[in-house]
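Remarks on the structure that follows.
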Amino acid sequence: MEKAKFYPVKGYIDFQKGATADIERFWEKEAEKLEWFKHWDKVLEWEEPFAKWFVGGKLNASYLCIDRHLYSWHKNKVALYWEDEAGNTKAYSYFQLYREVNKFASMLENLGVKKGDRVVLYLPMIPELTIAMLATVRIGAIHTVVFSGYSSQALADRINDTSAEVLIAADVGLRRGKYIPLKQIVDEALKAAPAIKKVVVIKRTKEEINMVAGRDLLYHDLIRDAKDYVEPKPMESMHPLFILYTSGTTGKPKGVVHSTGGYLVYINSTYKWVFDISDESVYWCTADVGWVTGHTSIVYAPLLHGATVLMYEGAPDYPHPDRWWEMIEKYGVTIFYTSPTAIKMFMRYGDERIKKHNLSSLKILGSVGEAINPEVWGWYYKNIGGERCPIVDTWWQTETGGIMISPVPGIELVPLKPGSATLPLPGIDAEVVDEEGNPVDTSVKGHLVIRKPWPGMLMGLYNNPERYKEAYWSKFKGLFYTGDYATKDEDGYFWLLGRTDEVLKVAGHRLGTAEVEGAVVEAPFVAEAAVIGKPDPIKGENIIVFAILKEGYKPADNLKQEIIKEVRKQIGPIATPQEIHFVDKLPKTRSGKIMRRVLKTIMMDKPVGDLSTLEDEASIDEVKAVYEEFKQVMKKKA
Ligand code: ATP
Ligand code: MG
């Protein structure tokens, strides 16, 4: 796709700069948009690396997401539509959600849960997950959602890290027409996590489950004794709202803690700017609630805005590949937010199935999780958005709580450039710096950092201030280190290039993984690619490519030559791959991100490290087999 032409958007840029110059004044105005039980005394206390926002203020997330809407026509509008892959549906009005949340909160109180206690939620994508989150924070407890696709070990690790005593689980999850025995996984996990005293089981099916006397309780029994109203407790702005573990793409997951006041202020404003969300929106984010994208986009932000949320349980392409497009048509989705990984999967299915569906309700498309390369962007824009909907490529992290770099159609739509997340949001002082922490020149690559605190910033890592300082504040003095590699173009647009610890160092040059992967997928037969650098005593590193071919293509030497040609054309001879391997699958996290560190360790014959977030073991076996075969061939040649 042609690089978009830049038209000056001076109005927005001036506004952005003004906001960022005086963050306290700016965020104070934004905070006024929420209803507070008690006004704050001080906007910001910044004692690097700890920021305290809206100090002295009190509010309640559950009240803001639900109760507030009961005094208007929102009371009887749909807050939440739920559908599973089999087509079962549920709908909750704001009032119904209010009832359920109150009962759930009362049940938690009856179990002895108090302010500050951690409650672990190991639930599939069902309305009870939203209800449980809002109920937990209603009484000032702190939720830790553990993605229900995680293994017993991953669950046990997270329980132990938070030392929670109460766990909410379901009997089963549903995926690809099969039940996933969640309660069984819980039983296994609890052997290694003995601190849990109570397990509340939400039974969805007649499947038989094991119940441990004294420990395991049925939700449907407990809820009968629950009251229908529990006061939403006024919580200090800096009271933790939740703990959430990062995806673990780069190593052991980190327990990120978010505050109540800062987080809510931040996501309330940013969802307005980025998605232009309103009470008329039907908002569908396809992420799992188990990731920060889901916390913010399926629960807190849309409900703050009185919008209608769509929640889907199941695989994207089951029982047929137009499952998602069917849903958009059926519910009249206006905002659709997904990941490049998912879009790439649908690209492989072709566009015929999409054309059958009426997607004209869509107004804004979003992308998150990884850099979206221009080819994928173009396909998404044309086939899903009908060349009508702007794509907001949103860069953020579990740590940032909300979106940091993205177009803002809710304020002013800047010209889009496929592959760029465009400009930082108002109040966000993002910069690209060199190894010394100095801003780099236009088009020079470097580290993405944030220079001033923002309300959505994490409070820290749970019970681990040292790791917090080490991970984010030790690389550069006074700058929040994101761990991402980026560049800024002549218009000040940000281009995310991959993770800094995955950067390829070839003959004195630094190349982002996203750059080289973007070039590889320009070859018309490549569906997806991952690149890594393999240490080389002379060159620094050699570039190794793993590529998945599109349907109808078979691995062949001439395809390797084509890929090499493409990379040389797009980037230059410096980036010429030394090895190219064709695979059917790439190792990915459960959230759909490529685990390049795993590829790298296999290629270096080293142990693969923490695999708790890996989606499919088979992907590793395949890479190992492909590599073994390659080594044999090389041996013979030698
Ligand atoms: P861990 O920190 O445990 O390695 P993770 O970084 O994958 O896991 P998340 O917080 O879920 O965990 O992901 C944030 C990261 O995802 C960002 O730092 C960035 O690398 C990538 N990312 C998210 N959105 C985008 C985007 N729009 N463009 C490019 N990269 C993105
Ligand atoms: Mg990270």
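Both ligands and their constituent atoms are indexed starting at 1 by order of listing.
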Tyr12 and Phe15 aromatic ring geometry - parallel, tilted or perpendicular at 30°/60° bounds: tilted
Structural part of Thr394 in contact with ligand 1, heavy atom criterion under 4.0 angstrom: backbone
Aromatic plane relationship, Tyr472 with Phe480 - under 30° parallel, 30 to 60° tilted, over 60° perpendicular: parallel
Those atoms of ligand 1 less than 4.0 Å from some heavy atom in Thr398: 9 (P), 10 (O), 11 (O)
Ligand 1 contact on Glu370 by region, counting heavy-atom pairs under 4.0 Å: backbone
Protein contact to atom 11 (O) of ligand 1 [nearest heavy atom, distance to 0.1 Å]: Ser247 OG, 2.9 Å
Atom 8 (O) of ligand 1 - nearest protein heavy atom and its distance: Gly248 N, 3.2 Å
Cation-pi geometry met for Arg499 and Tyr485 (6.0 Å, 45°): no
Mutual orientation of the aromatic rings belonging to Tyr263 and Tyr300 [parallel < 30°, tilted 30-60°, perpendicular > 60°]: perpendicular
N or O pair under 3.5 Å between Asp484 and ligand 1: yes
Whether Tyr283 and Phe275 hold their rings parallel, tilted or perpendicular, with breakpoints at 30° and 60°: perpendicular
Region of Trp396 that comes within reach of ligand 1 [heavy atoms, distance under 4.0 Å]: backbone
Contact with ligand 1 for Gly483, non-hydrogen, under 4.0 angstrom: no
Protein contact of atom 4 (O) of ligand 1 - nearest heavy atom, named by residue and atom, plus distance: Thr250 OG1, 2.4 Å
Check ion pair Arg596-Glu502 (N to O, under 4.0 angstrom): yes
Within-shell test, Asp393 vs ligand 1, heavy atom, strictly < 4.0 Å: yes
Protein residue, atom and distance nearest to atom 2 (O) of ligand 1, heavy-atom basis: Lys254 NZ, 3.4 Å
Nearest non-hydrogen protein atom, atom 13 (O) of ligand 1: Lys593 NZ, 2.5 Å
Nearest neighbour in protein (non-hydrogen) for atom 6 (O) of ligand 1: Arg499 NH1, 3.0 Å
Parallel, tilted or perpendicular: rings of Tyr312 and Trp284 (30°, 60°): perpendicular
Ligand 1 atoms in contact with Leu496 (distance to a heavy atom under 4.0 Å): 29 (C)
From the candidates Gly369, Pro253, Gly366, the one that places a heavy atom nearest atom 22 (N) of ligand 1: Gly369
Centroid separation Phe147 to Trp291 less than 6.0 Å: yes
Val299 and Val289, any side-chain heavy atoms less than 4.5 Å apart: yes
Atoms in ligand 1 flagged as close to Ala371, the criterion being non-hydrogen separation under 4.0 Å: 28 (N), 29 (C), 30 (N)
Spacing of Ser148 atom OG and Leu182 atom CG [to the nearest 0.5 Å]: 5.5 Å
Short N or O distance, Ser367 and ligand 1, threshold 3.5 Å exclusive: no
Side-chain ion pair, Asp441 and Lys488, N-O less than 4.0 Å: no
Nearest-contact summary for atom 5 (P) of ligand 1 - protein heavy atom, Å: Thr249 OG1, 3.5 Å
